[in-house]
Amino acid sequence: KGKGPQGKKITLKMAKNLVRVNFDGRRRLDLSKMGITTFPKCILELADVEELDLSRNMLKKIPDTIEKFQNLRWLDLHSNQLNELPEAIGTLQNLTFLNLCNNKLTTEGLPEQLNLLKNLRNLNLGLNCLESIPTTLGALKELTDLGLFDNTLTGLPKSVRSLPKLERMNVKRNPLPELTEEEVHDDPIKRIETLYLIQEKDLCSSCLKMCRGERDELHRLEELTPISSKKLSFPLLLTPNSSAKDNQEEWRVR
């Protein structure tokens with residue numbers, strides 16, 4: 001009747017048969033790749049599970065009844081058709097993992113209540129339609145992994161860049177401008193995981209200019225560092241079975 005595809009109907013009996021217990025004792029309900037178009041009301045009877053996987057379906061909306069899942073620690077909604085999240089998402093205080101990758105989420109579709117997920121450690125918002133990131137996400141102090149790749153972001157809030165426990169932030173394939181010198185030094189702790197050595201001919205003009213500028217600055221600092229012209233002497237230094245020498249550099253030569 002023109003209402004579009006109805007998707008697969010999930011019954012409570014089917015859902016119960018899909019509940020598994022992980023090696024760590026957590027109960028997991030896996031409804032991924034089931035062709036679901038609407039959130040199954042019957043699974044509210046299983047709201048005591050710790051993990052819920054609804055990924056790779058055709059869901060367009062998550063209802064406010066998601067707040068019934070107060071034990072949830074792990075929620076996977078990636079690869080659906082969501083363009084917004086309910087405010088009730090903020091009531092899931094035990095969540096540590098939330099995957100929203102590959103949906104149709106817009107900046108307006110991210111409720112302010114996301115900042116209430118104080119225990120969240122992993123948040124994936126990649127492959128969506130985000131033009132900006134709410135500054136309120138800076139309240140997620142436990143966040144260690146943040147995925148923002150493949151959006152249309154042109155900037156990142158300082159509150160997000162300065163998250164105290166953030167270890168990984170993927171912003172690849174966004175129209176972000178190059179970071180300014182001030183932005184580069186926002187974080188006093190430098191996290192260098194990989195060092196790449198390449199030849200100058202392999203660098204683009206902007207990268208080459210930046211590298212040369214940093215090299216020149218290093219040379220300038222070296223020139224400003226005072227160097228003592230006084231010859232080092234170690235008159236009290238003793239070597240085994242010997243008497244002290246006025247200048248122990250003689251021993252070094254030997």
Hey, which of [options] is the one that makes side-chain contact (heavy atoms from CB on, under 4.5 Å) with [X]?
X	options	value
Leu98	Leu114, Asp76, Leu72	Leu114
Met169	Thr144, Leu156, Asp145	Leu156
Leu148	Leu176, Asn170, Ile133	Ile133

Any donor-acceptor pair under 3.5 Å from [X] side chain to [Y] backbone:
X	Y	answer
Asn103	Gln81	yes
Ser159	Thr135	yes
Asn22	Asp24	no
Thr107	Ser132	yes
Asn17	Met14	no
Thr96	Arg73	yes

- Can you label the angle between the Phe97 ring and the Trp74 ring as parallel, tilted or perpendicular, going by 30° and 60°? parallel
Would [X] and [Y] show up in the same hydrophobic cluster when neighbours are defined by side-chain heavy atoms closer than 4.5 Å?
X	Y	value
Phe149	Val160	no
Leu46	Phe39	yes
Leu95	Leu116	no
Val21	Leu29	no

Nearest atoms (heavy-atom pairs only) where [X] meets [Y]:
X	Y	result
Thr136	Glu112	CG2-CG, 4.2 Å
Lys61	Leu82	N-CD2, 3.5 Å
Glu67	Thr91	CB-OG1, 3.3 Å
Ile66	Ala88	CG2-CB, 4.2 Å
Pro111	Pro86	CG-O, 3.7 Å

- Walk me through it: do Leu31 and Ile36 pass the test side-chain contact (heavy atoms from CB on, under 4.5 Å)? CA-CA 8 Å; Leu31 295 174; Ile36 303 171; 4.0 Å; yes
So, taking the atom named [atom1] in [X] and the one named [atom2] in [Y], what distance separates them when rounded to the nearest 0.5 Å?
X	Y	atom1	atom2	answer
Asn115	Lys141	CG	NZ	10.5 Å
Thr65	Leu44	OG1	CG	4.5 Å
Lys9	Thr38	NZ	OG1	8.0 Å
Lys33	Lys8	NZ	NZ	12.5 Å
Leu146	Asn124	CG	CG	8.5 Å
Asn174	Thr154	CG	OG1	9.0 Å

- Message: Could you walk me through whether Leu77 and Ile62 satisfy the side-chain contact (heavy atoms from CB on, under 4.5 Å) test, starting with their C-alpha distance in whole Å, then the side-chain angles of each, then the deciding distance to 0.1 Å, before giving a yes or no?
- Response: CA-CA 9 Å; Leu77 297 169; Ile62 300 298; 3.9 Å; yes
Within a 6.0 Å radius of atom [atom1] on [X], are there more than 12 heavy atoms belonging to other residues, nucleotides or ligands?
X	atom1	result
Glu131	CD	no
Lys16	NZ	no
Glu87	CD	no

- Item | Asn119-Gln93 side chain donor-acceptor pair, cut-off 3.5 Å | no
- Under 3.5 Å, is there a donor-acceptor pair linking the side chains of Ser79 and Asn102?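 Side-chain D/A pair, Ser79 to Asn102: present.
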Charged N to carboxylate O below 4.0 Å: is that the case for [X] and [Y]?
X	Y	result
Asp53	Arg28	yes
Glu50	Arg26	no
Lys172	Asp150	no
Glu142	Lys165	yes

Is any side-chain heavy atom of [X] closer than 4.5 Å to a side-chain heavy atom of [Y]?
X	Y	result
Leu75	Ile89	yes
Thr152	Cys129	no
Asn94	Gln70	no
Leu143	Leu123	yes
Leu85	Gln113	no
Asn57	Met34	yes

- Task: Step by step, work out the side-chain contact (heavy atoms from CB on, under 4.5 Å) result for Glu84 and Lys104.
- Result: CA-CA 8 Å; Glu84 64 177 1; Lys104 299 180 179 179; over 6 Å; no
- Message: What verdict does the side-chain contact (heavy atoms from CB on, under 4.5 Å) test give for Cys42 and Ile10, after you've listed the backbone C-alpha separation in whole Å, the side-chain angles of each residue and the deciding distance to 0.1 Å?
- Response: CA-CA 8 Å; Cys42 67; Ile10 303 297; 4.2 Å; yes
- Task: Verify salt bridge (charged side-chain N to carboxylate O under 4.0 Å, His left out) between Asp48 and Arg27, making sure each step is shown before the conclusion.
- Result: CA-CA 8 Å; Asp48 59 340; Arg27 298 174 70 238; 3.0 Å; yes
